[in-house]
Structures are given as C-alpha cells and as structure tokens.
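In what follows, a structure is listed as structure tokens, so that the remarks can point back to it.
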Amino acid sequence: MSKQQAPSIGRVVHYVLATGAHRPALILDVTDDGGVSLSVFAFSAEGGPGEYRNVAHDEDAAPLSWHWPEFVKGAE
C-alpha cells in the first residue's frame with residue numbers, strides 16, 4: 001500500500017491557472033470534503049495573485065485545480 005500525501009495548512013502546492021500555467025500556492029485551509037483554500041503567487045499577466053477557496057485536487061493538472069509539485073531528480 002503506497003502512502004499518499006494529505007493537504008495541510010502551510011504546505012506549498014501548484015495551482016493551475018485557466019491558461020494552464022502553473023503557479024506556486026500556499027494552503028490556507030482544508031475543508032472536511034478535501035477542498036483547500038489557497039493563496040496563489042502569480043507573477044505574470046496570466047493571472048494575478050489572490051485567494052481561491054474550495055479548490056479541487058487534480059494530479060492531471062486540470063485548469064483551476066491544485067496538485068503536488070512535480071518531483072525533480074537531482075544531478076547524478
């Protein structure tokens with residue numbers, strides 16, 4: 001059985017803008033049904049920073065969802 005990460009306040013995740021661009025976000029709250037409230041850091045014209053409530057989790061990175069940051073393997 002594999003372990004799955006659980007969202008919790010203060011964790012950094014990726015938020016997917018309507019354009020499909022990914023931006024870092026901080027989890028502010030987690031609801032009983034698994035939705036999260038995020039503070040999104042956006043540094044471009046694709047979407048301004050702000051708070052988004054009850055955002056759904058989607059590891060396939062659908063627009064307007066959040067997912068865990070991709071694992072980046074270090075140099076060997």
Side-chain angles (χ1 to χ4, degrees):
M1 177 183 219
S2 65
K3 293 182 181 181
Q4 264 191 320
Q5 297 184 68
S8 60
I9 295 171
R11 299 285 305 270
V12 175
V13 297
H14 287 179
Y15 178 73
V16 185
L17 301 172
T19 62
H22 296 210
R23 294 292 178 262
L26 184 68
I27 297 177
L28 302 175
D29 192 26
V30 181
T31 62
D32 291 338
D33 65 357
V36 299
S37 292
L38 301 173
S39 179
V40 176
F41 304 94
F43 304 106
S44 71
E46 295 172 334
E51 286 188 21
Y52 298 84
R53 299 187 188 282
N54 204 27
V55 179
H57 174 252
D58 184 355
E59 284 302 315
D60 292 327
L64 308 179
S65 69
W66 73 272
H67 64 276
W68 296 108
E70 294 81 0
F71 178 76
V72 177
K73 188 173 181 180
E76 294 184 25

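From a predicted model like this one, the values you see are computed outputs, not experimental measurements.
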Same cluster or not: are Val16 and Val13 linked, directly or through other Ile, Leu, Val, Met, Phe, Trp or Tyr residues, by side-chain heavy atoms under 4.5 angstrom apart?
no

Please name the pair of heavy atoms, one in Pro7 and one in Val36, separated by the smallest distance, quoted to 0.1 Å.
CB-CG1, 3.9 Å

Identify whether Leu17 and Trp68 are in the same connected component of the hydrophobic contact network (ILVMFWY, side-chain heavy atoms under 4.5 Å).
yes

Heavy atoms of Leu64 and Ala18 approach each other most closely as CD2-N, 3.8 Å

When every non-hydrogen atom of Tyr15 is compared with those of Ala25, the smallest separation belongs to CB-CB, 4.1 Å

Smallest separation among heavy atoms of Leu26 and Val12, with atom names:
CD1-CG2, 4.2 Å

Treating Glu51 as the side-chain partner and Ser37 as the backbone partner, does any N or O pair qualify as donor plus acceptor under 3.5 Å?
no

Between CZ on residue Arg53 and CG on residue Asp29, distance to nearest 0.5 Å:
8.0 Å

Is there a side chain to side chain contact (heavy atoms under 4.5 Å, CB included) between Leu38 and Ile27 once you walk through the steps?
CA-CA 5 Å; Leu38 301 173; Ile27 297 177; 3.8 Å; yes

Once salt bridge (charged side-chain N to carboxylate O under 4.0 Å, His left out) is applied, do any residues pair with Arg11, and if so which ones, sequence neighbours excluded?
none

Check Asp58 against Ser65 and note the closest heavy-atom contact, atom names and distance.
CB-OG, 3.6 Å

Please name all residues satisfying side-chain contact (heavy atoms from CB on, under 4.5 Å) with Asp32, sequence neighbours left out, ordered by chain then number.
none

With a 3.5 Å distance limit and no angle check, can you tell me whether Asp60 reaches the backbone of Ala62 through a side-chain donor-acceptor pair?
no

Classify the ring geometry between His14 and His67 as parallel (under 30°), tilted (30 to 60°) or perpendicular (over 60°).
perpendicular

Interatomic distance, CH2@Trp66 vs NE2@His22, rounded to 0.5 Å, equals 13.5 Å

